[in-house]
Colleague: 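Mind having a look at this structure? Questions to follow.
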Amino acid sequence: MGSTRVSRRTVFRRIAQRQYGEWPAYDSTPLYGRTSLAGLESDIRTVSETWFDHDSHDSIEEFVCVLPLAYFRFSAHDRYVGPTRYQTATLFRVFVLKECHGWEHETALVGYLGDRPELCEQLGFETIPDQSTLWRSWHERFTADLRETVETAARTILIKAQNAGVAVPREPARKLRYHGDESGESDPDDQTTLEQAEKITDHVSRIVFPAFSLERGDGCEIHENAYWGLQTYLGLRESLAANEGARSFTYESTRERTPLGHAHRDHIRDLSIAEIREMYRQAVNRLLSEVAETEEFFRAGIVAIDITEADPFTGDRTGHEDEIIGTKEKTDEYAYQWATVQLVGNAVPIVLDARPVRKGESRLEIVKDLLDSAEEMVHVDNVLMDREFDSQHVLEMLSQRGLSYVVPKRMQTSEKAQAKRLLRRDQDRHETDRKLHLGKNEWHETTLIYRRKEDSEYDDHRQYSVFMTNCGSGHLTEYGYRWEIESGYRSIKRFMAATTSKDFGLRFFYFAFACLLYSIWRAVDLLVQVELTGEYEHSPIVTADNTLTLLKKETGIG
């Protein structure tokens, strides 16, 4: 098979319709210009991921030949001046091809091209360059950064093709390389870890932050990055509000102009909830694309959905009763609530999406919304939720999607009676099938699993917990992964800026940006571990403070 006009149109239409990414990169963010190699790498990642998903596209060489490069200005990375026989874009393609095959010397490339006149025509060669011309082009004409982009592009193409089941000429190295990385430490010390974290944080921030935009228009004196720098700065210290933080930011930032606190808040208030969520999802999707290129990242797996609440609200909530709602524990207090879906289990615990919770919204509506986002980004097998999602309609929706679930059940009269019987028998575990009524003579079939808690403080039926699942008792151990989302919430709240504002959009933005900082931290930690040790352990070796401090540098502070 091969590409056709129809298949190519299909691919680029899919790219244009993607919810979480834009192409080309230089056109979608002020951080990337038409000479930006980071932007070129981002575009190659975007196009290759969609290209190889098409059934007709099963050739690495064909992709290298058709990869759109006309928009990119190679002249900034061409050390030759004056007329040259071969265009830089054509040489870029042929060197990507060489790197895809893993040939160390140009001789093998020349021989390969000599046997394939049709390939040469597709690459744009009227005559095949000789070995010495290619050697000089690579070592003398291409800058070091352009050579590194060739290597990165080839690695990305190989990985995206292999992930799509396309045959590749060599096994791609699923280990990331960054500028100046010569470390081969198997047991890295603190200094090595921090140095690697700095390189990776720089790399990740250039990928993630372009997804955010304030849509301020052209000609603004204060660079947009200064606003994201200030927001990151607010996350460096607990309970730091925008006004106080902006004053300190003025002195610590390396920028000539920085935003005032009220201006920062005004711009964020102009963002709608939908815009904030869209930017967040774009940023996370970029983050996932980066970590997914390591074999240690488990792209398919388990997600946890949960709701967290802000500190109790003690002011006057008149006019905001639908936003400042009750607490989950049904006390007489009020609080803002946010719902998230997060990767758990063996995967790096990235928050895939976040949304506010308003009065009157059903748990079914919330779960469907978050799962729609999650399944756009990753393959989901199993869903873990807290007992507040104990709803037969939620469980039925999960089953209809083909998903497994484990959800604790609130103990009603029948469950309490069963737990008392188990206690009398001194039985630690019990399973039974149960039909839950959906209405109109429709039922959801599930399994109840009673499990006795070890070292329980109770001596009655409360020693037992009851879980509902549609995937058998073997998956019950996975529910233990849910603790990660509670642990994550503690870190996320640590990253939030302080505010007394009742503006719902501003409050949600602060929470969403804190989720992003948390996710960047965990992604950076995974990449550092893989780079330095070749493995990933859940316990971070890079601290949250390390990552925030490094992000502070990358966004123009200190």
Colleague: If you count every heavy atom of other residues, nucleotides or ligands that lies below 6.0 Å from Tyr334 atom OH, does the total exceed 12?
Modeller: no
Colleague: With a 4.5 Å limit on heavy-atom distance, are the side chains of Arg522 and Ser491 in contact?
Modeller: no
Colleague: Give the minimum heavy-atom separation between Cys515 and Thr340, together with the two atoms involved.
Modeller: SG-CG2, 4.5 Å
Colleague: Whether the Thr308 and Lys493 side chains hold a donor-acceptor pair (N or O, under 3.5 Å, no angle test) is what I'd like checked.
Modeller: yes
Colleague: Apply side-chain contact (heavy atoms from CB on, under 4.5 Å) to Arg425 and list each qualifying residue two or more places apart in sequence or on a separate chain.
Modeller: Gln418, Arg421, Leu422, Gln427
Colleague: Is Arg5 atom CZ crowded by more than 12 heavy atoms from other residues, nucleotides or ligands, each under 6.0 Å away?
Modeller: no
Colleague: Does CD in Glu321 sit with more than 12 non-hydrogen atoms of other residues, nucleotides or ligands closer than 6.0 Å?
Modeller: yes
Colleague: So, using side chain to side chain donor-acceptor pair (under 3.5 Å) as the criterion, who are the partners of Thr10 when residues are at least two apart?
Modeller: none
Colleague: Under the side-chain contact (heavy atoms from CB on, under 4.5 Å) criterion, do Tyr450 and Thr432 qualify, and how do the steps go?
Modeller: CA-CA 9 Å; Tyr450 293 77; Thr432 183; 4.2 Å; yes
Colleague: Given Gln463, which of Glu457, Arg451, Arg452 fulfils the side chain to side chain donor-acceptor pair (under 3.5 Å) condition?
Modeller: Arg452
Colleague: Assert yes or no for the condition that the ring centre distance of Phe504 to Trp338 is strictly below 6.0 Å.
Modeller: yes
Colleague: Looking at Pro312 and Ala335, what are the two nearest heavy atoms and their distance?
Modeller: CA-CB, 4.3 Å
Colleague: Would you kindly say whether Asp525 and Gln529 are connected by a side-chain donor-acceptor distance under 3.5 Å?
Modeller: yes
Colleague: Determine the minimum heavy-atom distance between Tyr536 and Pro349, stating which atoms define it.
Modeller: OH-CD, 3.8 Å
Colleague: Taking all atoms of both residues into account, what is the closest heavy-atom pair of Ser289 and Glu49, and its distance?
Modeller: OG-OE1, 4.1 Å
Colleague: Within the structure provided, determine whether Tyr405 and Ser399 are in side-chain contact (heavy-atom separation under 4.5 Å).
Modeller: yes
Colleague: Does any part of the side chain of Met496, heavy atoms only, come nearer than 4.5 Å to the side chain of Phe513, both counted from C-beta?
Modeller: no
Colleague: Please report the interatomic distance CG(Leu352) to OG(Ser373), rounded to the nearest 0.5 Å.
Modeller: 8.5 Å
Colleague: Do Glu278 and Gln282 get their side chains close enough for a donor-acceptor pair, meaning under 3.5 Å?
Modeller: yes
Colleague: Does Arg355 offer a backbone N or O that forms a donor-acceptor pair with the side chain of Tyr280 under 3.5 Å?
Modeller: no
Colleague: With side-chain contact (heavy atoms from CB on, under 4.5 Å) as the test, would you mind laying out the steps for Thr4 and Ser56 before giving the verdict?
Modeller: CA-CA 8 Å; Thr4 64; Ser56 298; 5.9 Å; no
Colleague: Would Leu516 and Gln231 count as a side-chain contact (heavy atoms from CB on, under 4.5 Å) here? Give the steps.
Modeller: CA-CA 11 Å; Leu516 181 63; Gln231 192 65 42; over 6 Å; no
Colleague: Test side-chain contact (heavy atoms from CB on, under 4.5 Å) on Arg286 and Glu290; report intermediate values, then the result.
Modeller: CA-CA 7 Å; Arg286 290 168 181 255; Glu290 188 68 16; over 6 Å; no
Colleague: How far does CG of Leu423 sit from OH of Tyr458, to the nearest 0.5 angstrom?
Modeller: 14.5 Å
Colleague: Quick one: pull up CG in Asp433 and OG1 in Thr446 and give me the separation to the nearest 0.5 Å.
Modeller: 8.5 Å
Colleague: Between the main-chain N or O of Val351 and the side-chain N or O of Ser519, is there a donor-acceptor pair closer than 3.5 Å?
Modeller: yes
Colleague: How many angstroms lie between CD1 in Ile541 and OG1 in Thr193, if you round to the nearest 0.5 Å?
Modeller: 4.5 Å
Colleague: Taking side chain as C-beta onward, heavy atoms only, is Pro356 less than 4.5 Å from Glu323?
Modeller: no
Colleague: Within a reach of under 6.0 Å around NZ of Lys435, are more than 12 heavy atoms found that belong to other residues, nucleotides or ligands?
Modeller: no
Colleague: What heavy-atom pair brings Leu158 and Val168 nearest, and what distance separates the two atoms?
Modeller: O-CG1, 3.6 Å
Colleague: Measuring from Ser456:OG to Tyr464:OH, what's the distance to the nearest 0.5 Å?
Modeller: 10.0 Å
Colleague: Can you label the angle between the Trp521 ring and the Phe495 ring as parallel, tilted or perpendicular, going by 30° and 60°?
Modeller: perpendicular
Colleague: Between the side chains of Thr156 and Arg45, is a donor N or O closer than 3.5 angstrom to an acceptor N or O?
Modeller: no
Colleague: With side chain to side chain donor-acceptor pair (under 3.5 Å) as the test, pick out the partner of Arg434 among Glu445, His444, Glu415.
Modeller: Glu415
Colleague: For the residue pair Arg363 and Ile307, establish whether any side-chain heavy-atom pair is separated by less than 4.5 Å.
Modeller: yes
Colleague: Determine whether Phe12 and Thr50 make a side-chain contact, defined as any pair of heavy atoms from C-beta on separated by less than 4.5 Å.
Modeller: no
Colleague: Can we say Glu375 and Arg401 salt-bridge, meaning some charged N sits less than 4.0 Å from an Asp/Glu carboxylate O?
Modeller: yes
Colleague: Provide the closest heavy-atom pair for Asn382 versus Val406 in the form atom of the first, atom of the second, distance.
Modeller: OD1-N, 4.2 Å
